[in-house]
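Whatever order the structure lists ligands and atoms in, that order sets their numbers, starting from 1.
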Amino acid sequence: MIEMEKIIKQFLSEVNQKNQNEPEFMQAVTEVAETVIPYIVSQDIYYGQNILLRMVEPERVVSFRVAWIDDNEEIQVNRGYRIEMNSAIGPYKGGLRFHPSVNLSILKFLAFEQVFKNALTTLPMGGGKGGSDFDPKGKSDTEVMRFCQSFMTELFRHIGPNKDIPAGDIGVGGREIGYLFGQYKRLKNEFSGVLTGKGVSWGGSLIRPEATGYGVVYFIDEMLKASNQDLKGKSVVISGSGNVAQYATEKCIHMGAKVLTLSDSSGYIYDNDGINEEKLQYIMELKNVKRERISAYVKKYPKAEFYANKNPWSVKCDIAIPCATQNELKVNDAKVLIKNGCKTVGEGANMPCTSDAVNLFIENEVLYAPGKASNAGGVAVSGLEMAQNSLKYTWSREVVDGKLKEIMSDIHSSCLKYGSSKGHQVNYVKGANIAGFVKVADAMLAQGVV
Ligand code: NDP
């Protein structure tokens with residue numbers, strides 16, 4: 001035991017030395033190292049191959065200037081990135097994030113997690129991530145378009161349908177994907193499946209916008225079924241009110257659960273009657289079309305309450321689904337959730353729970369699903385969009401939704417395979433990390449030292 005701790009510590013110290021001032025990246029690597037290194041040590045084929053050390057080093061990192069002109073004709077300068085992390089099992093695949101907090105550490109953690117997540121989907125996709133510190137909030141549509149065009153004018157030389165296929169993430173939705181795709185098409189003079197999350201009339205897949213949120217709820221349903229429960233009648237607390245939160249809410253409603261909260265960076269709304277289909281439509285209009293704040297909800301539905309600058313984790317619930325951003329649920333929030341009887345946590349966002357919070361959930365036998373397993377539905381349907389683009393064919397909603405459900409169920413089974421141990425609750429963190437590792441590591445071993 002002591003020897004294992006020493007090996008892990010030594011590995012992390014070596015990685016840390018090369019990646020100083022990258023706390024989010026080190027957090028993601030630590031979580032993987034703690035569960036995967038003991039497995040590597042127990043397996044002759046992986047031991048001594050330095051595979052994890054190779055995996056934490058991106059295959060390529062691109063950083064570039066994005067200059068653009070705002071509506072006041074002033075020149076603005078942002079920084080763009082693309083992290084091409086691992087292409088052992090397929091071309092790089094992962095979203096673009098536009099948010100002022102974006103930096104190398106955040107994108108490297110996201111790219112690293114993406115490698116494992118994409119492997120779990122069983123589709124042939126490597127891992128990558130990119131974005132910019134550009135803030136689309138408060139910008140006009142034409143400013144967003146000019147920024148996207150400038151961003152793509154550099155990015156286009158690094159990506160391609162068989163090379164690297166970006167998608168959306170925080171701050172990059174249908175509007176941004178449209179502008180990015182338009183500029184790529186103009187520069188390359190080709191209509192190809194270089195981005196996913198496209199509009200349905202120009203190469204997008206049905207169910208792609210819904211896929212991450214629906215997938216999280218399918219995964220939670222699998223966890224509940226495995227312990228002889230279901231979603232019906234359960235109370236649910238959700239954070240965020242963007243793409244993932246909206247469709248997680250929709251699927252919870254469809255499956256008979258009661259969603260009590262949603263939030264954004266200004267605070268959360270609490271609706272004791274539950275957010276129903278009609279109220280959700282209003283939120284979608286508010287956030288996606290009018291681009292307003294979630295607080296407007298209580299003007300429309302005065303029985304609901306708005307809590308400024310607070311997160312929703314103090315609200316009593318059976319299930320918590322964090323869908324906003326990394327490290328939004330801290331150990332004190334986890335304590336309150338557990339005290340209030342929350343028994344299930346499924347991550348919609350990437351790494352929304354801090355390491356201490358995750359450990360507390362596991363110690364207290366809360367069913368806890370890490371994002372790399374539970375939010376993999378988005379990239380899975382992106383993979384299906386790529387397949388449809390190659391076939392030059394479109395599958396129906398029912399077909400795509402059926403495949404999504406099957407993929408989430410398969411990911412759940414993979415977690416059980418490596419995360420079950422007699423007499424203990426399933427450890428989904430261990431299960432997801434080892435299952436993702438095995439697939440990528442086997443491909444890397446077969447391909448030699450490259
Ligand atoms: P959106 O931009 O659509 O929505 C993000 C939501 O989170 C908004 O409500 C936003 O509020 C809130 N938020 C963002 N940053 C913060 C912050 N620092 N503090 C509090 N609230 C914040 O993004 P998505 O829904 O697409 O993504 C949400 C999460 O899900 C991210 O972690 C992303 O990586 C992950 N994810 C997304 C996938 C996808 O398919 N879109 C796939 C897999 C994971 P505000 O508007 O005030 O900023």
Side-chain angles (χ1 to χ4, degrees), residues 24 28 93-102 106-107 109-111 113-114 116-118 120-121 127 129-131 134-139 144 166-177 195-197 204-205 207-216 219 238-249 261-269 283-284 286-288 290-297 308-313 321-330 333 346-353 369-383 385 404 408:
E24 293 86 2
K93 178 91 197 92
L96 297 171
R97 176 176 291 191
F98 292 168
H99 193 272
S101 64
V102 161
I106 288 178
L107 293 182
F109 114 66
L110 289 164
E113 293 249 306
Q114 196 80 45
F116 292 78
K117 184 188 310 194
N118 294 2
L120 285 171
T121 67
K129 200 85 190 188
F134 171 74
D135 187 359
K137 238 181 270 161
K139 304 284 189 304
V144 171
D169 190 75
I170 292 178
V172 179
R175 172 183 62 170
E176 290 76 15
I177 292 290
L195 290 156
T196 56
S205 174
I207 302 284
R208 175 60 190 92
E210 294 90 335
T212 308
Y214 278 18
V216 179
F219 194 92
I238 297 182
S239 65
S241 51
N243 172 267
V244 181
Q246 290 171 15
Y247 288 105
T249 302
T261 67
L262 283 171
S263 72
D264 63 20
S265 53
S266 59
Y268 77 93
I269 53 122
I283 291 169
M284 287 180 169
L286 190 74
K287 299 304 286 185
N288 310 345
K290 295 188 184 152
R291 299 184 191 276
E292 285 181 20
R293 312 309 296 154
I294 195 73
S295 53
Y297 183 88
N309 302 320
K310 290 217 156 53
N311 67 40
W313 312 125
I321 316 184
C323 296
T325 193
Q326 65 276 352
N327 293 329
E328 56 163 312
L329 196 162
K330 306 206 164 35
D333 303 315
E347 292 188 338
N350 285 309
M351 212 168 72
C353 302
K372 60 169 81 76
S374 51
N375 73 30
V379 74
V381 174
S382 276
E385 181 172 330
L404 169 63
M408 297 316 294

**OP:** Tell me, with the steps shown, if F109 and K129 meet side chain to side chain contact (heavy atoms under 4.5 Å, CB included).
**Re:** CA-CA 9 Å; F109 114 66; K129 200 85 190 188; over 6 Å; no

Provide, to 0.1 Å, the distance between [atom] and the closest protein heavy atom, together with that atom's residue and name.
atom	result
atom 2 (O) of ligand 1	G171 N, 3.0 Å
atom 48 (O) of ligand 1	K137 NZ, 2.8 Å
atom 41 (N) of ligand 1	N243 OD1, 3.6 Å
atom 18 (N) of ligand 1	T325 CG2, 3.6 Å
atom 20 (C) of ligand 1	S265 CA, 3.6 Å
atom 39 (C) of ligand 1	T212 OG1, 3.4 Å
atom 24 (P) of ligand 1	V244 CG2, 3.9 Å
atom 9 (O) of ligand 1	S241 N, 3.0 Å

Original post:
Which heavy atom of V102 sits nearest a heavy atom of G131, and at what distance?
Top reply: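 Shortest heavy-atom separation between V102 and G131 comes out as CG1-C, 4.4 Å.
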
**OP:** Would you name the heavy atoms of E176 and G171 that are closest together and state the gap between them?
**Re:**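 Here E176 and G171 meet closest at CD-O, 3.5 Å.
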
If the contact criterion is a heavy-atom separation under 4.0 Å, does [X] count as touching ligand 1?
X	value
G371	no
G173	no
A245	no
R208	yes
R293	yes

Original post:
With a cut-off of 4.0 Å, which atoms of ligand 1 are near a heavy atom of S263?
Top reply: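 Those qualifying, in numeric order: 9 (O).
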
Ligand 1 versus [X]: contacting region, heavy-atom distance under 4.0 Å:
X	answer
C323	backbone
E328	neither
A167	neither
Q326	neither

Subject >> Option with minimal heavy-atom separation from atom 28 (C) of ligand 1, where the choices are A324, G242, A349 >> reply: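 Answer by nearest heavy atom: A324.
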
**OP:** Only heavy atoms count here, so choose which of I170, L262, I106 is nearest to atom 23 (O) of ligand 1.
**Re:**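 It is I170 whose heavy atom sits nearest to atom 23 (O) of ligand 1.
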
Original post:
Between the side chains of N311 and K330, does any donor sit under 3.5 Å from an acceptor?
Top reply: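 Short answer, no.
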
Subject >> Stepwise side chain to side chain contact (heavy atoms under 4.5 Å, CB included) check, Q326 with E113 >> reply: CA-CA 12 Å; Q326 65 276 352; E113 293 249 306; over 6 Å; no

Original post:
Do H99 and I106 have side-chain heavy atoms sitting under 4.5 Å apart?
Top reply: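 H99 does not reach I106 side chain to side chain.
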
Original post:
Is there at least one protein heavy-atom neighbour under 4.0 Å from atom 33 (C) of ligand 1?
Top reply: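 Yes, there is a protein heavy atom closer to it than 4.0 Å.
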
Original post:
Any N or O on G168 sitting closer than 3.5 Å to an N or O of ligand 1?
Top reply: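 Min N/O separation from ligand 1 is not below 3.5 Å for G168.
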
Original post:
With a cut-off of under 6.0 Å to the ring centre and 45° to the axis, is K139 in cation-pi contact with F134?
Top reply: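 K139 over F134 ring: yes.
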
